[in-house]
Amino acid sequence: MEPKIVFTGPPGAGKTTAIAAISDTAPIVTDVANHDTGLAKARTTVGMDYGTVALEGGEQVRLFGTPGQERFDFLWPILVKDALGLAILIDNSRPDPVADLRVFLKSLGPVLSKLACVVGVGRLDTHPRPGLEDFIDELAAAGRMFPVLPVDVRKREDVLMLVELMLAQAEAKNMGEQA
Amino acid sequence: MKHSLRVRAEGLRKAEELSISVFLRFVGQSDKASWSLTRAADAELVLQALGAPSALPATAHLAWVADADAPVSGGSKNVLRRPLQVDAFSALLRGIESGLDVPAARQPIIPAAAPASVAESQASYRLLRWPGDELLQNQRQRKILASFLVSRHLSVAQLSALSGVGRDTCLEFIAALSSRDLLETRSAVMPGEAARRVDPGFAPAPATISTSPSASGLIGRLRKRLGLV
């Protein structure tokens, strides 16, 4: 099975943009017109976004973006199963970003124990509260400890940093399994 | 005989004392001396914050700990600059040891205590909490090092091998994390290993990784493809 990296997070957090930042080709998107008045965007993802990064030898790493709306939460654990890494993207301009993180931690549940995971918080420049420490506290309250860092998914280097921190964890995990 | 020497911190910040205790695990042992941290007044080396009142015994070596840009009279020979760096601290210890009255031809075989110190240096570390901006802001390398410590315990040698970052840099980062109580430390010495400590033929095992295990695997190829190496 080809390896995959998954981007998840609430609507508007930038999952589609993050995939586009590193995918070899324009991502396949499944956006539709948004009729949810709670979302300040014209279109939203209802299926999943998909991109790829081709490796030497013909192998490729698949990039998945989950639908962000909570009614699709049954899909999240299915999509992240056996992923090389997971990025949870948070939009700090939403009403309660820490609660958004809590939703994903709860829905993904035990799957997270096996995953290399990183939390990227967007729009901190315009919405500095809650701060990164608040997200670190929320993770701790859920018994989790993942990298938490500010991210602007429009910047390729920011998305690459998310991936790099995933890979570092994955590599350390692999080493433990080989020992 | 190997000298047992002690270093005392005088007027230093708590975090700096913790950094020194971590540094000592890694560079506190040599063929001439075994260093430990003490609060005793007659320590052989006193590390004193610049400007702190001195109660130095006449026989002790004195080194100042000063801010990076603080002027220090008398040159920089015995000055450790903030933030404390392991290579400068190590050089200070080795400099003091070089003045010890131990003729080279009569130096004893390293006593049985040495392997224990080696084992100590192979302690492994795991993050307890993701560090805040104070330690990581705009420091890509530190973020990567911290990520390696998220999922399992790693020794400094393992962290250095996995990350490709120099051992001293890894050690300084470990010390910085430790000084903020962000690390869980696990000793490498298991109960059954005590006998090996007193075996003069015992040599420490090399670091289990010489290069990244995934350098040529999927993770390595993905890193290369994304320009992360």
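Values in this document were obtained by computation on a predicted structure and should not be read as measured data. In the text below, chain A, chain B and the rest are named by the order of the sequence lines, each starting its count at 1.
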Backbone of A/Met145 reached by a side-chain donor or acceptor of B/Arg129 within 3.5 Å: no
Highest number of heavy-atom pairs under 4.5 Å with chain A: which of B/Lys143, B/Gln137, B/Arg140? B/Arg140
Part of A/Leu84 lying under 4.5 Å from any heavy atom of chain B: side chain
Under 4.5 Å from any heavy atom of chain B, what part of A/Leu115 do you find: side chain, backbone, both or neither? neither
List the atom of A/Glu133, the atom of B/Gly132, and the distance in Å for their closest heavy-atom pair. OE2-CA, 3.3 Å
Tell me, side chain or backbone of B/Leu128 under 4.5 Å from chain A's heavy atoms, or both, or neither? backbone
If every non-hydrogen atom of A/Ala168 is compared with every non-hydrogen atom of B/Ile144, which pair is closest and at what distance? CB-O, 4.1 Å
Should B/Leu149 and A/Gln169 count as side-chain neighbours, where that means a heavy-atom distance under 4.5 Å? no
Winner by heavy-atom pair count (cut-off under 4.5 Å) against chain B, out of A/Asp137, A/Leu139, A/Val163: A/Asp137
Any side-chain heavy-atom pair of B/Phe148 and A/Glu171 under 4.5 Å: yes
Please flag which part of A/Arg144 lies under 4.5 Å from any non-hydrogen atom of chain B: side chain, backbone, both or neither. neither
Just how far is it from atom CG of B/Leu136 to atom CG of A/Leu149, taken to the nearest 0.5 Å? 9.0 Å
Can you say whether A/Pro3 sits under 4.5 Å from chain B via the side chain, the backbone, both, or neither, judging by heavy atoms? side chain
I want to check something: taking the side chain as every heavy atom from C-beta on, are A/Val61 and B/Leu218 in contact at a cut-off of under 4.5 Å? yes
In this structure, CD1 of A/Ile22 is separated from CG of B/Leu222 (nearest 0.5 Å) by 8.0 Å
Donor-acceptor pair, B/Trp130 side chain versus A/Val148 backbone, under 3.5 Å? yes
Which bit of A/Leu160 comes within less than 4.5 Å of chain B, counting heavy atoms only: side chain, backbone, both or neither? both
Within 6.0 angstrom of A/Arg154 CZ, more than 12 heavy atoms from elsewhere: no
Nearest 0.5 angstrom please: B/Leu228 CG to A/Leu167 CG, how far? 7.0 Å
Report yes if the side chains of B/Arg152 and A/Met175 come closer than 4.5 Å at any heavy-atom pair, otherwise no. yes
Can you give me the closest heavy-atom contact between A/Glu56 and B/Arg221, atom names plus distance? O-NH1, 3.4 Å
